Structure formats: structure tokens, C-alpha cells
Amino acid sequence: MNVTFPKSEKLCSDIAIDTLYKTGKKFVAWPMRVTYLPITDAPTQVLIWAPKSLFKHAVDRNHMRRLMREAYRLNKHILCTENKYYHLAFNYIDKQTQDFHVIEKAMKKALQRLATLEE
RNA sequence: AUAGCGUAUCGGUCUAUCGCGGAGUAUGGGAAGAAAAAUCAUCGGUUUUAAUCCCCUACGACGAGGAAAGUCCGGGCAGCAUAGAGCACCACAGCGGUUAAUGACCGUCAGGCAGCAAUGUUUGGUCACUGGUACAGAGACGAGUCGCCUAUGGGCGGGUGAAACGACUACACUGUGGGCUGCAAUUCCAAGUAUACCAAUGUCAGAGCGCUGCUCGCGUAAGUUGGAGGGUAGGAAGCAAUAGAAGGCCGUAGCAAUACGCACCUCAAGAUUAAUGAUAGACACCGUUUUUUUCGGCACAGAACCCGGCUUAUAGAUACGCUAUUUUU
RNA sequence: GGUGCCAUCGUCUAUCGGUUAGGACAAGAGAUUUUCAUUCUCUAAAGCGGGGUUCGAUUCCCCGUGGCACUA
């Protein structure tokens, strides 16, 4: 099982992010909002962030982002079994900081929903 | 012992599993292939060696703070004529010293405020010229009201007010310093587009530009400005051991800040939609409890070219010096 | 990352260190009107937080909080 998370799986292009947020569909898996857009090229690329308006300190934003990244890294095999690829964006929407277990549970739920949704 | 003041130091550790950034290393794999040699044979092809470059794989030292924060000051560094002149403008201001430099720091003098004290905090150039000093008051610098005395020149007192010929103050003056802009500076590479359209202005009697408000001066020389549009928004250097205004220790000088010397020791993050992490367990510390166990807690906070200060946030721990109170000798 | 600016009634704003802190809109009360609107009169309502300078601070200085703009 591949649990790495190299740079090529991060969504970096400015244009791609723009099109993702303009044309992509979204749903909420508390405490995250997921925006997704099916694409043809491999690999699946992910954008993860926590907004400055909810967390004033950079420490809190970094911590939430790192927790979400770990949750995605450990559970991305749920999505990677299919031969379809996505541009994904996870952004944190709760005002409180949460435990890793809460976020991992939400991440599993979100990925399973994505995996079943495209069928 | 308790309470406090000052200066300085530290601000968790280890194990297991998984992951991220990463200078570099590899007789690992792949692609291109200068040059040389050999050969076929004719101006090219093939083979061998293979500098160099790129990608993948494996290994991989090391990997956030005392404030990384605020951006309040100063400097390095970079560009702008060679960084120029004058005015304007801005900052600072007891006295002496330190520093690369500062509005910082050290010593010290005087006043105010807080404290029993140790101590903390804050203010501090000049009034010759020019301007200002509300209300009240006769009068706020021009003089002169009421009462008393009087040699009629004037003197003393009352009252108003923060202040009444003695002043305070800046917009005034003196001294010192400051050229301006900032790493999104600046330089290079790659890719792409519109040398098209409209208006204004200008070509040596010179517009505009050269990052300073005005004047000058210097350089450059055919475009420039506005409108309406078109394209791009990628990479590298700057920028991370070629370390230095570095820190510690020791010695000397000094009350001190600090300077000089220097055997020894320490200091190796470098991302760019942005790494430095997650989970589980153990220990240390703090609280609760008679004790063990259990349970709970474990601060403030995240580099973005680099340094020196200041300010603000901060659970707790330690060292030294000093002050007050109490007790004992 | 860097640079600059702002904060005043519920809202938008004015201000020479000496105020009863002014104006407009909104709100409330009254008058006019058969009633409503318009109009008129009146009322209440504010200096972002904490220090300092000064006889006196919304104004000057320092620290903090929040917001905005510019800059490849």
C-alpha cells in the first residue's frame, strides 16, 4: 500500500486551482469542505488549507493543515483503487481545532463518498 | 523563613511505526552525446572509451524561536550620474562615555510620580528675533484697576488665573545627523503578444526619461502620455559553511556598556499553494490525594536575504546580588 | 515579504491644544392634517483600549487592538 505524499501529488498550479474552484462540485464532511473535479491525467492532486479568518495564529493553521495531510496520506488508497483521477481541495471550516481522530474519520467518510459517487 | 526588586540562563527527553524538505553519495538504471581511437568505406555510417547534463531508484548528515511575532529604529547588501549643490523637510537634545550604526546601551546630575525599602518609570538645548498663552481678570507683555503711603518720580498690598516685567511655549532659534528607494531591490534564462487602433504632445528653439517636494546642475536623445485592448504570470541567481560588526570561556583595561588579545570550544534549516509532521507508549515536571494507584495539566507561539537593538506575548525551572519583615544565635 | 493610511452619536462626516464636541440622514416626542406623507419645532445619542507630555489632550508622543490601500 502506497502511503507516501510527494510534491507531484500537491496541487500547485494557479490556473488549475482557479478552474477547480470555479467549475468543481463540493460537499461538506465536517469539519472539512471538499471540492472536487475529475481529470484525465495522473496523478490525483490535492490542495489542503485552513483559512486565516478562522485561525489567527500561523501555528494553528499549520497544525490543522498537517493533520489533514496525514489523514489524506494514510487513507488515500480508498480513492486510488479506481483508474480515475481528481483535483481535490480540502479546506477546514470549523472554528475549533480538532483531534487527529476526528479529522481521520471525516477524511475516510469523504473519500468513500467520492469513490462511490463517480460510479 | 516569607514577600519583593535587579541581572543572567533554560524553556522538555527517549523508543517504535509511517511520512515531508534536503546539501550530497552510488562500479545502480535510462536518455542525449562533445572529443579521441578503431573499422567499413566515402566525406557519411558502425563500435569502444566517455567529460558533461537530465530523470528515476537506493542511501542520506542535518532540519524551526526566545521571542521566528510587531515592523518601532539602525546597519550590511542592491539599484538609481561619480551620489552632485542650495532651499525646504524629518529626526535627535542635561553632562560624560560605548557601538558598524541608532531614537539603542552604560555611568552620572536635577525634577515629577509609584513603593516602608531594594528599585522602577518619566521629563530635561536656547528665549536675542518672530508668533502664541482659552475662560476669568483692569491688564497675558502693550500697560495699568482698587486700597494705602508719597518728595507725584514711584513703592507696597489685595483680587483673577496654570502663569502677572519673572515667565511658559513652538510655528522661532542653536547644535548634530539624514541623498532617495527597497530582496516583490537587482541580474539572467525560457515562453508568448499587437511595430495594429483612437486622442494629446514633441523631434536640436529638444518632449520625455534617468525612483528626491522645489530650484539648479549633469547624462541621454525620439518618442512619450492617456484611452480602449492583446499576451504572460514559469525557472535560476540574489538565498544558506567561500560563515562573521558572531557567541562562550580565559586574560588585560574600565565603576559599567564595551574594547583588545586569543590557546580552546560552539554555531551546518532554506520551503515557495510554501517542508520541519502524525500515531502509540515510557520517563521527567506541576496539581489533586495521608501514601501508592488513578485522574487532570504541561506556556507563548511557526523561519521566508542577513545582522544589532527596542516593544509586545509567555506555564514553569535555575543561579547570583540586593531590600523589607519576623524568628534564633 | 515590504511600504503607507485610518478609527468621532445607530450610519456618513467636521474640528487651529481651551467645546455645551458641530452638521446631515436615521430614531423618539409634539405641531400642522379627517388620516398618511411632506413640512416645522424639540429631544436623546459619540472621541477604539492603556500610559505619558501639558495648567488643560478628540487633537501631540509611546504601546496595544481592529480595519483598509499600494507594491511582481
Side-chain angles (χ1 to χ4, degrees):
Chain A
M1 195 190 301
N2 185 18
V3 289
T4 60
F5 189 59
K7 179 91 189 274
S8 58
E9 293 185 17
K10 293 174 189 167
L11 184 57
C12 300
S13 165
D14 219 344
I15 299 165
I17 293 166
D18 237 34
T19 54
L20 169 63
Y21 273 102
K22 273 179 186 161
T23 63
K25 296 177 179 175
K26 48 194 163 186
F27 61 87
V28 173
W30 183 87
M32 295 180 292
R33 182 166 61 218
V34 185
T35 310
Y36 65 98
L37 185 70
I39 53 163
T40 51
D41 303 334
T44 295
Q45 290 188 318
V46 184
L47 174 74
I48 294 168
W49 56 281
K52 193 173 187 177
S53 54
L54 295 181
F55 300 107
K56 210 181 133 202
H57 297 302
V59 173
D60 297 330
R61 292 199 297 277
N62 280 347
H63 191 227
M64 286 302 104
R65 190 170 66 233
R66 283 162 179 168
L67 287 178
M68 285 197 284
R69 192 191 62 204
E70 286 292 307
Y72 173 77
R73 183 176 70 78
L74 293 170
N75 296 291
K76 67 176 180 174
H77 59 271
I78 298 170
L79 200 62
C80 286
T81 50
E82 309 292 330
N83 275 329
K84 298 200 172 178
Y85 303 101
Y86 293 95
H87 278 165
L88 292 173
F90 298 95
N91 58 316
Y92 198 85
I93 54 169
D94 195 31
K95 280 188 181 176
Q96 306 276 320
T97 55
Q98 297 287 345
D99 266 353
F100 176 73
H101 301 288
V102 176
I103 290 172
E104 191 179 27
K105 210 169 150 188
M107 181 62 74
K108 278 181 180 169
K109 213 166 147 188
L111 291 176
Q112 273 163 6
R113 180 165 173 184
L114 269 177
T116 55
L117 204 136
E118 47 90 40
E119 285 172 7

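Numbered from 1 within each chain, the chains take letters A, B, ... in sequence-line order. We use all heavy atoms of the structure for the numbers below, so side chains are in, but hydrogens, waters and symmetry mates are not. Note that the structure is predicted; figures quoted are calculated from it, not measured.
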*Asks:* Between A:Tyr72 (OH) and B:G19 (P), how many Å, whole number?
*Replies:* 15 Å

*Asks:* How far apart are the closest heavy atoms of A:Gln45 and A:Lys10, and which atoms are they?
*Replies:*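 Minimum heavy-atom contact is NE2-O, 3.5 Å.
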
*Asks:* Return the minimal non-hydrogen interatomic distance between A:Tyr92 and A:Pro51, and the atom names on each side.
*Replies:* O-CD, 3.2 Å

*Asks:* In whole angstroms, how far is the C1' atom of B:C20 from the CE atom of A:Met68?
*Replies:* 16 Å

*Asks:* Sequence neighbours left out, what passes side chain to side chain contact (heavy atoms under 4.5 Å, CB included) with A:Ile17? Give chain and number order.
*Replies:* A:Leu11, A:Tyr21, A:Leu47

*Asks:* Searching all strands shown, indicate the nucleotide that pairs with B:U314 (Watson-Crick or G-U wobble; both distances under 3.5 Å).
*Replies:*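 When the pairing criteria are applied, nothing turns out to pair with B:U314, so the answer is none.
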
*Asks:* Quick one: A:Asn75 CG to B:C18 P, roughly how many Å, whole number?
*Replies:*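 So the two atoms are 17 Å apart, to the nearest Å.
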
*Asks:* Between A:Thr4 and A:Lys76, what is the shortest heavy-atom contact and its length?
*Replies:* O-NZ, 2.6 Å

*Asks:* Search all heavy atoms of A:Arg65 against all heavy atoms of A:Ile48 and return the closest pair with its distance.
*Replies:* CD-O, 3.4 Å

*Asks:* Taking all atoms of both residues into account, what is the closest heavy-atom pair of A:Val34 and A:Leu88, and its distance?
*Replies:* CG1-CD2, 4.5 Å

*Asks:* Give the rounded distance in Å between these two atoms: NE2 of A:His77 and P of B:G19.
*Replies:*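 Rounded to whole Å, this separation is 14 Å.
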
*Asks:* What integer number of Å spans the C1' atoms of B:U174 and B:A170?
*Replies:*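 Per the computed distance, 14 Å lies between those C1' atoms.
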
*Asks:* State the syn/anti category of B:G153 according to its glycosidic angle, syn meaning within 90° of 0.
*Replies:*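 For B:G153, whose glycosidic angle is within 90° of 0, the conformation is syn.
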
*Asks:* Using a cutoff of under 3.5 Å, can you pull out all pairs of nitrogen or oxygen atoms linking the protein to nucleotides 272-281 of chain B, with atom names and distances?
*Replies:*
{"residue": "B:U272", "atom": "OP1", "partner": "A:Lys7", "partner atom": "NZ", "Å": "2.9"}
{"residue": "B:U273", "atom": "O2'", "partner": "A:Leu11", "partner atom": "O", "Å": "2.5"}
{"residue": "B:U273", "atom": "O4", "partner": "A:Asp14", "partner atom": "OD1", "Å": "2.5"}
{"residue": "B:A275", "atom": "OP1", "partner": "A:Arg65", "partner atom": "NH2", "Å": "3.1"}
{"residue": "B:U276", "atom": "OP1", "partner": "A:Arg69", "partner atom": "NH1", "Å": "3.1"}
{"residue": "B:U276", "atom": "OP1", "partner": "A:Arg69", "partner atom": "NH2", "Å": "2.4"}
{"residue": "B:U276", "atom": "OP2", "partner": "A:Arg66", "partner atom": "NE", "Å": "2.7"}
{"residue": "B:U276", "atom": "OP2", "partner": "A:Arg66", "partner atom": "NH2", "Å": "3.1"}
{"residue": "B:G277", "atom": "N2", "partner": "A:Glu70", "partner atom": "OE1", "Å": "3.2"}
{"residue": "B:A278", "atom": "OP1", "partner": "A:His63", "partner atom": "NE2", "Å": "3.3"}
{"residue": "B:A280", "atom": "OP1", "partner": "A:His101", "partner atom": "NE2", "Å": "3.1"}

*Asks:* Can you list the residues that meet the side chain to side chain contact (heavy atoms under 4.5 Å, CB included) rule with A:Thr23, with sequence neighbours excluded?
*Replies:*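 Applying side chain to side chain contact (heavy atoms under 4.5 Å, CB included) to A:Thr23 gives A:Leu37.
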
*Asks:* Can you check the distance between C:A57 and C:C48, where both ends of the measurement are the P atom (answer in whole Å)?
*Replies:* 15 Å

*Asks:* Could you work out the separation of B:U25 and B:G270 based on their P atoms and round it to a whole Å?
*Replies:*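 Pairwise P distance, B:U25 against B:G270, rounds to 16 Å.
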
*Asks:* Restricting to salt bridge (charged side-chain N to carboxylate O under 4.0 Å, His left out), what partner residues turn up for A:Arg73, sequence neighbours left out?
*Replies:*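 So A:Arg73 forms a salt bridge (charged side-chain N to carboxylate O under 4.0 Å, His left out) with A:Glu70.
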
*Asks:* Only pairs with both distances under 3.5 Å count, Watson-Crick or wobble alike; so what is the partner of B:A23 in this structure?
*Replies:*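 Per the H-bond distance test, none.
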
*Asks:* Would you measure the distance from the C1' atom in B:G65 across to the matching atom in B:A1 and give it in whole Å?
*Replies:*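 It comes out at 38 Å once rounded to the nearest Å.
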
*Asks:* Just name whichever nucleotide pairs with B:C260, Watson-Crick or G-U, keeping both distances under 3.5 Å, else none.
*Replies:*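 Answer to the pairing question: B:G251, which forms a Watson-Crick or G-U pair with B:C260.
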
*Asks:* Tell which nucleotide pairs with B:U201, taking only Watson-Crick or G-U wobble pairs whose two distances are both under 3.5 angstrom.
*Replies:*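 B:G223 is the nucleotide pairing with B:U201.
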
*Asks:* Once Watson-Crick and G-U wobble pairs under 3.5 Å are found, how is RNA chain C written in dot-bracket notation, 5' to 3', with | for any base paired to another strand?
*Replies:* (((((((..((((....[...)))).(((((.......)))))....(((((..]....)))))))))))).

*Asks:* Should B:G6 form a Watson-Crick or G-U wobble pair with both distances under 3.5 Å, which nucleotide is its partner?
*Replies:*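 Base-paired to B:C320.
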
*Asks:* Have a look at B:G45 and give me syn or anti from its glycosidic angle (syn if within 90° of zero).
*Replies:* anti

*Asks:* Is NZ or CZ of A:Arg113 both nearer than 6.0 Å to the six-membered ring centre of A:Phe27 and within 45° of the ring axis?
*Replies:* yes

*Asks:* Taking the same atom, C1', in B:A104 and in C:G47, what whole-Å distance lies between them?
*Replies:* 35 Å

*Asks:* Provide the distance between the two C1' atoms, one in B:A263 and one in B:G248, to the nearest whole Å.
*Replies:* 14 Å

*Asks:* Under a 3.5 Å limit for both distances, which nucleotide forms a Watson-Crick or G-U wobble pair with B:A67, could you say?
*Replies:* none

*Asks:* May I ask which nucleotide in the shown strands pairs with B:C218, Watson-Crick or G-U wobble, both distances under 3.5 Å?
*Replies:* B:G210

*Asks:* For residues 95-103 of chain A, which side-chain donor-acceptor pairs fall under 3.5 Å, sequence neighbours excluded?
*Replies:*
{"residue": "A:Gln98", "atom": "NE2", "partner": "A:Asp94", "partner atom": "OD2", "Å": "2.9"}

*Asks:* Kindly give the heavy-atom pair with the smallest separation between A:Lys56 and A:Arg61, and that separation in Å.
*Replies:* O-NH1, 3.3 Å

*Asks:* Report the base-pairing partner of B:A1 (Watson-Crick or G-U wobble, both distances below 3.5 angstrom), or none.
*Replies:*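 Per the H-bond distance test, B:U325.
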
*Asks:* Taking atom C1' in both B:A269 and B:A68, compute the distance separating them and give it to the nearest angstrom.
*Replies:*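 B:A269 and B:A68 have their C1' atoms separated by 12 Å.
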
*Asks:* What's the gap between B:A164 and B:C129 when it is taken at their C1' atoms, as a whole Å value?
*Replies:* 24 Å

